[in-house]
Amino acid sequence: MFPINRVRSAGERLLLSLILAFLISSGASSATAQDEPDPAQPGSIVKQMAGEAERLQPQIESEWVREWAKTAGQLAPVEPFEVTLDERVRRIDEEFFYVGRFGTPLAYARALDIAAAHGLEGIAGKRVLDFGYGAIGQLRMMALSGADTVGVDVAPLLPLIYPDASGPLGGGLVQLVNGQFPASAAVNEQVGGEFDLILSKNTLKRGYIHPARETPPERLIQLGVDDATFLSAIRDRLKPGGLFLIYNLCPAKAPEDQPYIPWADGESPFTREQFEAAGLEVLAFDVDESAQARAMANLLGWGSDDELEKSLFAWLTVARRPVDRPSR
């Protein structure tokens, strides 16, 4: 565990913020050195995630989210395999298959709890779009809970890891789409519409879309369309009453005299006015979710209360497509 509580200089604080960002984005293990799972052993990571789900139960407020979390233990074990991208061979083990670079799927529990608090009464029989899904764990858990899920991402490695992963699972469905949404017509056709929930975790950050300082392009997310077009596409693909949820976990922001950290700038990349202009009703805007995120992170073993207070922050925004009123 890195000793954030002993840090003195701003440079040290920035370094540890970057370390935490890596841990959040790389799926840091919540196990101790003595019981750290071996991802080369099929079922090891699934067992770890089942333990995470059990530890999170007291914090989860919605009964259906508690049941969703329990499906982590139902995920199929994965034998290690290799894929080649740009002439580089990469070994994919169970941890990378389900967790990837973006952290345990159980971190979605808080986002789903927020959706439940804003009226989503379960996901069985519902359609869910995960924008920037990163890894398949949470999508398979939603499918096991009875949802039809669509994951969209642009990472070229994902189609190699999941070439045959789309299809029915449990009582639901997993569909993976690679490419820019909504900039690509082909991607739009695959994604379809009529979603009960569109969510984006750690993807639609202000620092990635509209950075406060000049940032190298490779550190940004290119939507391929302007903000108004993107939000209109979101609205058009929601059912009346459907929710659009942005949930971002972030390290501490860099001081002005230190290099800018785009992934630490986690507020909404869109303004309240832009949501409303696109025909979306704003239910929560740039709400500081840090206390709840730290409680979740503590249960997942990411750090102590003192450490997380200085190094983990979270923001959420929730919008809804209004229910169409019948004409008189």
Side-chain angles (χ1 to χ4, degrees), residues 14 17-28 100-105 107-108 110-112 114-115 129-135 138 151-155 180-183 197-231 233-234 243-256 258-275 278 280 282-294 296-297 302 308 311-319:
L14 174 59
S17 293
L18 291 171
I19 291 172
L20 182 74
F22 171 78
L23 292 175
I24 292 172
S25 66
S26 63
R101 297 187 299 269
F102 302 99
T104 173
Y108 273 74
R110 183 57 195 162
L112 293 176
I114 293 164
L129 171 63
D130 187 353
F131 180 81
Y133 71 93
Q138 70 281 355
V152 179
D153 211 303
V154 298
Q180 278 192 310
F181 168 82
L197 173 65
I198 297 177
L199 62 86
S200 175
K201 174 178 168 289
N202 293 349
T203 300
L204 291 174
K205 293 184 175 184
R206 185 172 62 187
Y208 284 149
I209 311 297
H210 299 300
R213 296 190 234 166
E214 187 173 350
T215 304
E218 62 271 15
R219 291 192 169 190
L220 302 179
I221 291 175
Q222 306 295 337
L223 296 178
V225 295
D226 60 31
D227 293 352
T229 301
F230 183 85
L231 290 173
I234 293 292
L243 297 176
F244 175 38
L245 192 155
I246 299 174
Y247 181 74
N248 293 326
L249 300 172
C250 314
K253 294 180 180 179
E256 290 297 323
Q258 298 293 329
Y260 180 66
I261 309 172
W263 54 91
D265 193 353
E267 289 93 337
S268 168
F270 315 112
T271 66
R272 180 187 291 270
E273 291 74 21
Q274 286 178 311
F275 282 104
L280 292 164
V282 179
L283 305 180
F285 184 75
D286 275 350
V287 175
D288 186 341
E289 176 74 7
S290 300
Q292 295 84 349
R294 290 167 190 155
M296 175 182 70
W302 292 1
L308 294 167
S311 59
L312 180 62
F313 301 84
W315 301 92
L316 74 88
T317 291
V318 184

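Everything quoted here is computed from the prediction, not taken from an experiment.
- Rounded to the nearest 0.5 Å, atoms CD1 (Ile209) and CG (Leu220) are 8.0 Å apart.
- Summarising the geometry, atom OG belonging to Ser200 is positioned 8.5 Å from atom CD1 belonging to Ile234; distances are rounded to the nearest 0.5 Å.
- In plain terms, the two heavy atoms of Thr203 and Asn248 that are nearest each other are N-OD1, 3.7 Å.
- In this structure Ala228 satisfies the side chain to side chain contact (heavy atoms under 4.5 Å, CB included) test together with Asp226, sequence neighbours excluded.
- Judged purely by atom type and a 3.5 angstrom limit, Thr317 uses its side chain to pair as donor or acceptor with the backbone of Asp286.
- Atom CD of Glu218 has more than 12 heavy atoms from other residues, nucleotides or ligands within 6.0 Å.
- Applying the side chain to side chain donor-acceptor pair (under 3.5 Å) test to Asp130 and every residue at least two apart in sequence or in another chain returns Tyr108, Gln138.
- Gln180 contributes a side-chain N or O that, together with a main-chain N or O of Gln222, makes up a donor-acceptor pair within less than 3.5 Å.
- Between Gln258 and Lys253, the closest side-chain pair of non-hydrogen atoms is not below 4.5 Å.
- Close placement of the Phe230 and Phe131 rings is indicated, their centers lying within 6.0 Å of each other.
- Here Val282 pairs with Arg272, Phe275, Glu276, Phe285 under the side chain to side chain contact (heavy atoms under 4.5 Å, CB included) rule; sequence neighbours left out.
- The two residues Leu249 and Lys201 make their nearest non-hydrogen contact at CD1-CE, 4.4 Å.
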- Mind running side-chain contact (heavy atoms from CB on, under 4.5 Å) on Leu204 and Leu223 for me, showing each step along the way? CA-CA 10 Å; Leu204 291 174; Leu223 296 178; 4.1 Å; yes
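- Partners of Thr215 by side chain to side chain donor-acceptor pair (under 3.5 Å), not counting sequence neighbours: none found.
- Listed by chain and number, the residues in a side chain to side chain donor-acceptor pair (under 3.5 Å) with Ser290 are Asp288 (sequence neighbours excluded).
- Taking the side chain to side chain contact (heavy atoms under 4.5 Å, CB included) definition, one finds that Asp153 meets it with Tyr133, Ala155, Leu158, sequence neighbours left out.
- Glu289 pairs by the salt bridge (charged side-chain N to carboxylate O under 4.0 Å, His left out) definition with Arg110, not counting sequence neighbours.
- Taken to the nearest 0.5 Å, the CG atom of Asn202 stands 7.0 Å off from the SG atom of Cys250.
- The line from CD of Glu267 to NE2 of His210 is 13.5 Å long, rounded to the nearest 0.5 Å.
- Residues Ala278 and Leu231 share a closest heavy-atom pair of CB-CB, 3.7 Å.
- Residue Gly207 comes nearest to Pro211 through the heavy atom pair O-CB, 3.4 Å, listed as atom of the first residue, atom of the second, then distance.
- Partners of Arg294 according to the salt bridge (charged side-chain N to carboxylate O under 4.0 Å, His left out) rule, which considers only residues two or more places apart in sequence or in another chain, do not exist here.
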**Prompt:** Would Leu199 and Leu112 count as a side-chain contact (heavy atoms from CB on, under 4.5 Å) if you check the C-alpha gap in whole Å, the side-chain angles of each, and the deciding distance to 0.1 Å?
**Reply:** CA-CA 9 Å; Leu199 62 86; Leu112 293 176; 4.1 Å; yes
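- Of all heavy-atom pairs spanning Ala135 and Gly100, the tightest one is CB-N, 3.9 Å.
- Applying the side chain to side chain contact (heavy atoms under 4.5 Å, CB included) rule to Ala115 yields the partners Leu120, Leu197, Leu243, Leu245; only residues at least two apart in sequence or on another chain are considered.
- Proximity of a side-chain donor or acceptor of Lys205 to a complementary backbone N or O of Trp263 within less than 3.5 Å is detected.
- The shortest heavy-atom contact between Pro251 and Ala264 is O-CB, 3.6 Å.
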